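Worksheet: one structure, shown below.
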2 protein chains.
Amino acid sequence: MGMTRVTRRRSRHEEEENDTGRRDMRKQRTRRALLDAALELMQGEQSFNSISLREVARNAGVVPTAFYRHFRDMDELGLTLVEEALRALRQMMREARSAPLPATSLINRSVQTYIGYVQANRDYFQFLAKERFGGSRALRTAVRQGTALFISELATDLARFPTANRLSTEELQMISSLIVNIMISTTEQLLDLPPDNDAEVDWLHDQAAQQMRLVFLGSMQWKPKSEREKQKALAQG
Amino acid sequence: MGMTRVTRRRSRHEEEENDTGRRDMRKQRTRRALLDAALELMQGEQSFNSISLREVARNAGVVPTAFYRHFRDMDELGLTLVEEALRALRQMMREARSAPLPATSLINRSVQTYIGYVQANRDYFQFLAKERFGGSRALRTAVRQGTALFISELATDLARFPTANRLSTEELQMISSLIVNIMISTTEQLLDLPPDNDAEVDWLHDQAAQQMRLVFLGSMQWKPKSEREKQKALAQG
DNA sequence: ATATTTTGTGAACAGTCGTTGACTTTATAT
DNA sequence: ATATAAAGTCAACGACTGTTCACAAAATAT
């Protein structure tokens, strides 16, 4: 009986911080619950600034005031969501880039990968799509900067193709923004489909792939500004 | 003095309804005020389903209950706005189509016309852009049907070009949806600019025109499905 | 001239919202 | 063992929301 119950707790020094701490764990758990609750609420008809703090808290199984232990206000939560979504997107790009280039049917494989990724992260993309125009200035510019970076990275990827030597940086940017447009449009159409409508998804795939092929065909025929001026000078001389 | 003041009112039969009636006039006036109030409120950071009925009424200089004399609820007002915006857009298309085709610099002129039109109807396009994804299912599908029709009309226009004979209907649709994508993207960028930033607007014009040129170049090189199959059969035989 | 319909007003309702402050509980630090 | 700091709860506030009902004013119909 008299035995002292010794639940000896490891001090920070004996074990090097590999334990997340039961409190931090709990904190991260409800933080995540809040973020997920917001994402889930946006799957319906609501847009981000039409969902209330109380709704989010309720949906996360927590009292409204607990919200403030994690975010200053809804805007801060929104920015966190944008950050997460864009980070995930960048990671996909990095992986896709590291893979060896299968020169044959490159477009088909890329489109396939991208569509699969969107399907797997539907809620994030739903959020991005809505806030790309609906949201506060802060959210909007965050999303926009993300896609701008996306375009630039794609441009540098395109520059590695042998046939891209003739094109200037601006022209490459113009082309890759065109391609990103196709991806965005495809994404939007994809999100408006029931997730398991395979036939329609396949159609979207084909449509996007065709459009990209057409863009590449156009790029091959594109007369760079420099050449066009050369030609003009020749005609006049 | 004793003259009886006779403000004789024309009966419905003597003059054929060309008078709007002082009451109808009044009604149409506040109805318009409500619609405009909603549009104006959306110029800021708000999205359509985050603005309140009371806000709209207040902004229109009218008491909240008066709203119900004109619309059943906010959704009905929203649908009216979509309808108006799309009708305006279609009218622009019709006019542009009736003009004789100046074969030279056709793209430049078209882009110029369109950008000018967007600038002149900024509020409507702001609304369309936001509700294309933010809004209720009803609003969204209304917008979507409008753009789908837009794409189809553009496709029939493209079909009149001599070089378009080789292409199937599906391929023409694919191409015109690509072009509409460019227009939508241009519109969105335009709306995020201060209306008088001429330098940036010119840049957007050039970007869009280049992208369309590239699409046309690609279309010229496009191998229609039929020809591709013919070629394949030839190679095998 | 009188009756009727229409357009807008005013007060009031039940509900939700964001945010506050003072509290319990519980994990960490001393 | 005790103090401290953090995470979550509870009650309450003033403000705003959509919608209702009865009523005033004014245009139209009879």
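Note on naming: letters A, B, ... go to the chains in the order of the sequence lines (proteins, then strands), and numbering restarts at 1 for each one. Since we're looking at a predicted model, the values are computed, not measured.
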What is the distance from [atom1] of [X] to [atom2] of [N], rounded to the nearest Å?
{"X": "B:R26", "N": "D:dA24", "atom1": "CZ", "atom2": "P", "result": "18 Å"}
{"X": "A:D24", "N": "D:dA5", "atom1": "CG", "atom2": "C1'", "result": "12 Å"}
{"X": "A:L34", "N": "C:dG18", "atom1": "CG", "atom2": "P", "result": "13 Å"}
{"X": "A:Q28", "N": "D:dG8", "atom1": "CD", "atom2": "C1'", "result": "15 Å"}
{"X": "A:M25", "N": "D:dG8", "atom1": "CE", "atom2": "P", "result": "13 Å"}
{"X": "A:R69", "N": "C:dA27", "atom1": "CZ", "atom2": "C1'", "result": "15 Å"}
{"X": "B:E55", "N": "C:dC17", "atom1": "CD", "atom2": "C1'", "result": "14 Å"}
{"X": "A:E76", "N": "C:dG18", "atom1": "CD", "atom2": "C1'", "result": "16 Å"}

Would one find a side-chain N or O of [X] under 4.0 angstrom from OP1 or OP2 of [N]?
{"X": "A:T30", "N": "D:dG8", "result": "yes"}
{"X": "B:R58", "N": "D:dT17", "result": "yes"}
{"X": "B:R31", "N": "C:dT6", "result": "no"}
{"X": "B:R23", "N": "C:dT6", "result": "no"}

Verify the distance criterion only: is there a donor paired with an acceptor across the side chains of [X] and [Y] at less than 3.5 Å?
{"X": "B:Q207", "Y": "B:T186", "value": "no"}
{"X": "B:Q211", "Y": "A:S177", "value": "yes"}
{"X": "B:N49", "Y": "A:S47", "value": "yes"}

Min side-chain heavy-atom separation A:L77-A:H70 under 4.5 Å: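 Heavy-atom side-chain distance check fails, nothing below 4.5 Å.
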B:V63 side-chain proximity, nearest of D:dG8, C:dG10, C:dG18: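 Of the options given, the side chain of B:V63 lies nearest C:dG10.
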Side chain of B:R54 (C-beta onward), nearest among D:dT9, C:dT20, D:dT19: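 The listed nucleotide nearest to B:R54's side chain is D:dT19.
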Touch class at under 4.0 angstrom, heavy-atom based, for A:S52 against every strand present: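 Sugar-phosphate, no base atom in range.
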Straight-line distance of A:E45 CD to B:R137 CZ, nearest 0.5 Å: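 Between atom CD of A:E45 and atom CZ of B:R137 there are 7.0 Å.
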D:dC21 base / B:T65 side chain donor-acceptor hit below 3.5 Å: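 Absent.
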Which residue lies more 5' along DNA chain C, comparing A:R72 with B:A66 via nearest heavy atoms: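 Per heavy-atom nearest nucleotide, the more 5' residue is B:A66.
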